[in-house]
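Below, chains carry the letters A, B, ... as their sequence lines are ordered, and counting in each starts from 1.
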2 protein chains.
Amino acid sequence: MTPQQTSRREQNKLDTRRAIAQAALDLARSEGLGAFTAEHIAERANISRRTFFNYFHSAEEALSVSTEAFLDQAEAELAKRPADEPILDAMIQALAATTKVENLQDCGDLFRMAAGNPDLLGTQLLAWERAEARIISAVEERLEGQASSLYIHALVGSLLSCAKAAMREWASSENPDHDAAQTLENHIVTTLTMLRDGFSHPTL
Amino acid sequence: MTPQQTSRREQNKLDTRRAIAQAALDLARSEGLGAFTAEHIAERANISRRTFFNYFHSAEEALSVSTEAFLDQAEAELAKRPADEPILDAMIQALAATTKVENLQDCGDLFRMAAGNPDLLGTQLLAWERAEARIISAVEERLEGQASSLYIHALVGSLLSCAKAAMREWASSENPDHDAAQTLENHIVTTLTMLRDGFSHPTL
DNA sequence: TGAATAACTTGCACGATGTGCAAACTTGCA
DNA sequence: TGCAAGTTTGCACATCGTGCAAGTTATTCA
């Protein structure tokens, strides 16, 4: 009786979820954004339209799975950092580590696609917003009473804005698979260091 | 022949736009978010459903008019600052000045409402995102060649995140009309000063 | 001033969205 | 094996967002 962490049921759901996300990404690449419907995704994933909506609220949400994975990683990495490390150094290390995420390339593609599609962009922004809320809770616990609510919200918001800026810069330049992860990591460290030390002096 | 800057046509359109926005806000307050349709708004504004969609893409967008006004104000104030002022000081002054915007109270209400409604939140985030793009362009012109694209994107993103944090703090506390604008301005100056000098040392 | 023109509003139709509901089907467990 | 709980599916329905063409209002200019 191998104590499977994931029962057959849970595994099936995860598989279906992955299949849907993959189908959505395939369609986005082959047909173009907004050129396909929830029904098309369902068809390609071999499920009914109704089941699609049991998993996701919209086509855009199905596309955002990789982005969510990236953000979950950020949250998890931050939780790993030692409690006595200065908060900004912990953040730099945590965000730098996210570049090792599974499907980094998909994140870049999504980021580029979102730039030209308000619907997708809105969904992605919501994903970042939800992640922000989770990270704020984590930081609040970590700094228990040592910082004001205003400080924490401003800090975490800026943290994610810097990460976003880093991703944009990374995703917008043609990366001839020249160690993409390393490039992104450099951008992240650059922006977060500015955040830590102040934006007064632009480090070109 | 008084040289009217706004022709009758333009004025009518503006009036209609305002009427729709007002109708949407009224309904949101009286019925609750998500408890009314585009058709309801149109009815209350005395126009057809079709005309509503000529002005806005969705009910949420009609609600975001005050937020857009606030962000436009921020952009305009920044453009007013002298060109030789250090960029971060210019930003602090500009954002602080936005608190004099017409319908600040509506902005606060909207902000609170959005916290509990993903659709509205998504629309508001898009509005902030569009404003961010415009401000980035303005800053790029201002710093012409003196700063990297990465620096500018990270800075402006963080700027708006700090402003958002300030608004959240301001909107979430019961303000018994105790000079609301001043309270918000204080929060903005606090967060932007941290952005300028670095987040290393939490100023409680 | 009055006809021609441009801009705006409206109704209609249509494909797509997102969700409640109940009937089928699958899995877990005694 | 067979029942309880969880999942998928089809169907119906209200709503959305937009193209289109016909109607209405503002503007222009002869």
Side-chain angles (χ1 to χ4, degrees), chain A residues 1-24 27-28 31-65 116-123 126-127, chain B residues 1-21 23-24 27-28 31-65 116-123 126:
Chain A
M1 46 166 74
T2 43
Q4 53 209 19
Q5 320 111 317
T6 59
S7 71
R8 181 61 173 276
R9 274 220 165 99
E10 297 173 65
Q11 192 54 51
N12 284 347
K13 288 200 80 166
L14 283 181
D15 288 348
T16 304
R17 201 181 164 77
R18 294 182 79 90
I20 297 174
Q22 189 59 53
L27 280 174
E31 309 291 313
L33 271 179
F36 56 93
T37 74
E39 188 141 25
H40 293 149
I41 302 176
E43 197 174 354
R44 184 178 257 255
N46 290 310
I47 53 163
S48 70
R49 189 181 91 94
R50 188 62 183 83
T51 298
F52 172 85
F53 283 113
N54 282 345
Y55 283 84
F56 299 99
H57 292 312
S58 66
E60 289 75 31
E61 201 175 303
L63 280 173
S64 298
V65 167
N117 185 287
D119 279 348
L120 180 55
L121 181 54
T123 306
L126 278 176
Chain B
M1 45 168 73
T2 44
Q4 53 208 21
Q5 320 113 317
T6 59
S7 71
R8 181 64 172 276
R9 275 220 167 101
E10 296 174 67
Q11 192 53 52
N12 283 347
K13 288 199 78 167
L14 283 180
D15 289 348
T16 304
R17 201 181 163 78
R18 293 183 79 90
I20 297 174
L27 280 173
E31 308 291 312
L33 271 177
F36 56 95
T37 74
E39 188 141 24
H40 293 151
I41 302 176
E43 197 174 353
R44 184 179 258 255
N46 290 311
I47 52 162
S48 70
R49 187 181 90 97
R50 188 63 183 81
T51 298
F52 171 86
F53 283 113
N54 283 344
Y55 283 84
F56 299 99
H57 292 313
S58 67
E60 289 76 30
E61 202 176 301
L63 281 172
S64 298
V65 167
N117 184 288
D119 279 348
L120 181 55
L121 181 55
T123 306
L126 278 176

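The distance from atom CD of A:Gln11 to atom P of D:dG6 is 19 Å, rounded to the nearest whole Å. Taking atom CD of A:Glu39 as the reference point, atom P of C:dG18 lies 13 Å away to the nearest angstrom. With rounding to whole Å, A:Arg8 atom CZ is found 13 Å from C:dC29 atom P. In this structure, the CG atom of B:Asp119 is 15 Å from the P atom of C:dT17, given to the nearest Å. Nucleotide D:dA12 holds its P atom 18 Å from the CZ atom of A:Phe53, rounded to whole Å. The distance between atom CD of A:Glu10 and atom C1' of D:dA5, rounded to the nearest whole Å, is 14 Å. What separates CD of A:Glu61 from P of C:dT17 is a distance of 14 Å, to the nearest Å. For the pair B:Phe52 CZ and D:dG17 P, the interatomic distance rounds to 8 Å; values are reported in whole Å.
Residue A:Ser58 has its side chain nearest to C:dG18 when only D:dG10, C:dT17, C:dG18 are considered. Taking only side-chain atoms of A:Ser7, from C-beta outward, the nucleotide of C:dC12, D:dT25, C:dG28 with the closest atom is C:dG28. The nucleotide whose nearest atom lies closest to any side-chain atom of B:Asn54 is, among C:dG18, C:dT9, D:dT9, C:dT9. In the set D:dT25, C:dT19, D:dT7, C:dT19 carries the atom at the smallest distance from any side-chain atom of A:Arg50.
The residue among B:Arg49 and B:Thr16 whose nearest nucleotide of DNA chain C lies closer to the 5′ end is B:Thr16. Between A:Asn12 and A:His57, the one whose closest nucleotide on DNA chain C sits nearer the 5' end is A:His57. Residue A:Lys13 is the one, among A:Lys13 and B:His40, whose nearest nucleotide of DNA chain D lies closer to the 5' end (criterion: closest heavy atom).
Pairing each heavy atom of A:Leu120 with each of A:Ser64, the nearest pair is CD1-OG, 4.2 Å. Across B:Ala23 and B:Ile41, no two heavy atoms sit closer than the pair CB-O, 3.9 Å. Contact between B:Asn117 and B:Leu33 at its shortest, heavy atoms only, is CB-CD1, 3.7 Å. Residues A:Phe52 and A:Ser58 share a closest heavy-atom pair of CZ-O, 3.6 Å. In terms of heavy atoms, A:Arg17 sits closest to A:Phe56 at NH2-CE2, 3.6 Å.
Of all nucleotides present, only D:dT1 satisfies the Watson-Crick or G-U wobble test against C:dA30, with each distance under 3.5 Å. Across all strands shown, D:dC11 forms a Watson-Crick or G-U wobble pair, both distances under 3.5 Å, with C:dG20.
Using a 4.0 Å heavy-atom distance criterion, A:Tyr55 is classed as a sugar-phosphate-only contact.
B:Thr51 has a side-chain polar atom (N or O) that falls below the 4.0 Å cut-off from OP1 or OP2 of C:dT10.
In this model, a side-chain donor or acceptor of B:Arg9 finds a partner on the base of D:dT25 within 3.5 Å.
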